[in-house]
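The structure presented is a predicted model; accordingly, all values stated were derived computationally and were not measured. Worth knowing before you read on, the calculation uses all heavy atoms, side chains too, and leaves out hydrogens, waters and symmetry mates.
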Amino acid sequence: MKYAVGVDIGGTNTRVALIDEDLNLVKRVQFSTDTTDPEATLKKVASTIESFGKEIEGVGISCPGPLDLINGYVISTPNLKEKWWGYKITDNLKEMLGGVPVYLENDANLAALAEAVAGDGKDKRFVQFLTISTGLGSGQVIDKQIYIGSHGFAHEVANAIMWRDGPSHGVILPGGIEALSSGTAITTRAQKAGLDVEHAGNVNDLAAAGNETAAEIMNDAKEYLANFIATLIAVTDPEIIILGGSVAMKIDGFVEDVENRVREKVFAPLKPYVDIRRSTLNEDSGLLGAGYLAFSKAKAE
């Protein structure tokens with residue numbers, strides 16, 4: 001049996017998993033991410049991998065972006081402090097592991113890859129994935145390969161402007177899709193409007209109970225997301241679009257409502273091909289994608 005390692009570096013926790021060639025998670029370890037010191041975190045990753053006691057084909061790393069995928073480092077991210085920015089994650093971890101190949105990818109890209117090899121997209125050639133959670137991320141997989149574009153920035157969609165002079169939050173430009181349809185955006189808009197809510201599910205509950213402000217916010221989130229997805233369909237023509245993240249997974253009817261809206265926004269010949277589904281994978285999808293990436297890269301080399 002061959003093995004690879006998947007690593008998911010998050011703003012709170014880092015997860016490290018030993019994955020076999022059948023994409024089973026054999027072992028899984030979690031510890032707190034040192035958001036101020038990338039080297040300290042990578043040393044923990046390296047020691048965890050060594051504790052597995054297996055010869056591995058390679059390591060795939062999932063990390064929030066934007067990333068320089070060509071050179072293997074974080075460009076900038078609000079989830080990790082500035083010492084992470086520009087730190088050569090792949091080169092440094094490879095050295096710590098004595099030369100084992102290491103590959104870095106955007107977290108949404110790896111979730112998309114997992115959907116394409118182990119989720120509802122496993123029998124499809126063109127798989128589009130969107131995560132709608134704290135932020136809004138996107139990834140596209142073509143023939144089991146992540147599409148990264150000419151500079152590695154393909155599907156960094158958070159700032160895609162959908163609403164002129166619309167809401168913004170953090171570094172997201174006014175009207176960017178993440179500032180409209182992410183869980184953070186929904187919650188922030190509701191709080192600014194005076195609603196007592198803690199997360200997007202609360203806003204949806206108020207909307208269902210007849211609160212007009214909450215209903216408008218939820219309608220905007222779905223409508224602009226549907227506009228965005230319809231644009232993706234027009235540009236890339238995916239076979240399937242899979243939605244993950246807490247908003248898509250936990251809010252009843254969200255995915256179905258968005259799919260109905262998208263179907264009304266595409267040309268008539270495309271309507272039968274609109275296939276939008278809720279993810280069937282759990283929170284470890286990024287680890288599975290990272291493991292598969294390591295296997296596929298090792299095989300190619």
Carboxylate-amine/guanidinium contact [X] [Y], below 4.0 Å:
X    : Y    : answer
D37  : K81  : no
K222 : D220 : no
E239 : R125 : no
E259 : R278 : no

Hey, is the main chain of [Y] close enough, under 3.5 Å, to the side chain of [X] for a donor-acceptor pair?
X    : Y    : result
T90  : V102 : no
E178 : G135 : no
S47  : K44  : yes
N204 : A200 : no
W84  : T35  : yes
S168 : P174 : no
S62  : D8   : no
N159 : L173 : yes
S285 : L281 : no
K88  : G72  : no

How about [X] and [Y]: do any of their side-chain heavy atoms sit closer than 4.5 Å?
X    : Y    : answer
N227 : I229 : no
T231 : I233 : no
N106 : C63  : no
I146 : Q140 : no
V26  : Y3   : yes
E39  : M96  : yes
I132 : L225 : yes
K2   : F295 : yes

- Message: Can you confirm whether the side chains of N202 and D205 place a donor and an acceptor under 3.5 Å from each other?
- Response: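 The answer is no; no qualifying pair exists.
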So for atom [atom1], which belongs to [X], do other residues, nucleotides or ligands contribute more than 12 heavy atoms lying within a distance under 6.0 Å?
X    : atom1 : result
D143 : CG    : yes
F31  : CZ    : yes
K94  : NZ    : no
F52  : CZ    : yes
E95  : CD    : no
K43  : NZ    : no
K265 : NZ    : yes

Heavy atoms only: give me the nearest [X]-[Y] pair and the separation to one decimal.
X    : Y    : result
R277 : V255 : C-CG1, 3.9 Å
P64  : L80  : CG-CD1, 4.4 Å
L25  : R28  : CD2-CD, 4.3 Å
I61  : A290 : N-CB, 4.3 Å
L243 : A248 : CB-CB, 3.8 Å
I186 : I217 : O-CG2, 3.8 Å

- Trace of the side-chain contact (heavy atoms from CB on, under 4.5 Å) decision for D284 with L287: CA-CA 5 Å; D284 289 328; L287 292 172; 3.6 Å; yes
- Step-by-step side chain to side chain donor-acceptor pair (under 3.5 Å) determination, Q128 to S138: CA-CA 8 Å; Q128 175 69 51; S138 174; 2.9 Å; yes
- Message: Under the criterion side-chain contact (heavy atoms from CB on, under 4.5 Å), I'd like the reasoning laid out for D275 against I241: C-alpha separation, chi angles, the key distance, then a yes or no.
- Response: CA-CA 6 Å; D275 186 1; I241 298 169; over 6 Å; no
Between [atom1] of [X] and [atom2] of [Y], what distance do you get to the nearest 0.5 Å?
X    : Y    : atom1 : atom2 : answer
I19  : L293 : CD1   : CG    : 10.5 Å
E50  : L97  : CD    : CG    : 6.5 Å
E156 : H151 : CD    : NE2   : 14.0 Å
K27  : D20  : NZ    : CG    : 12.5 Å
I240 : F129 : CD1   : CZ    : 11.5 Å
D120 : S279 : CG    : OG    : 7.5 Å

When hydrophobic residues are tied together by side-chain contacts of less than 4.5 Å, even through go-betweens, does [X] share a cluster with [Y]?
X    : Y    : answer
L232 : F126 : no
M162 : V247 : yes
M249 : V203 : no
Y224 : I161 : no
I242 : I177 : no

- Message: Determine whether T14 and Q30 satisfy the following criterion, side chain to side chain donor-acceptor pair (under 3.5 Å), listing intermediate values before the conclusion.
- Response: CA-CA 6 Å; T14 292; Q30 179 173 303; over 6 Å; no
- Task: Apply side chain to side chain donor-acceptor pair (under 3.5 Å) to the pair T41 and T33, showing each step before the final yes or no.
- Result: CA-CA 6 Å; T41 296; T33 303; 5.5 Å; no
- From CA spacing to verdict: side chain to side chain donor-acceptor pair (under 3.5 Å), N109, E105: CA-CA 7 Å; N109 282 347; E105 256 299 349; 2.9 Å; yes
- Task: Going by the side chain to side chain contact (heavy atoms under 4.5 Å, CB included) test, name the single residue among V258, D252, D257 that passes it with F254.
- Result: V258
- Task: Have a look at F153 and tell me which of L69, I75, L67 forms a side chain to side chain contact (heavy atoms under 4.5 Å, CB included) with it.
- Result: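 So, applying the side chain to side chain contact (heavy atoms under 4.5 Å, CB included) to F153 and each of L69, I75, L67, only I75 qualifies.
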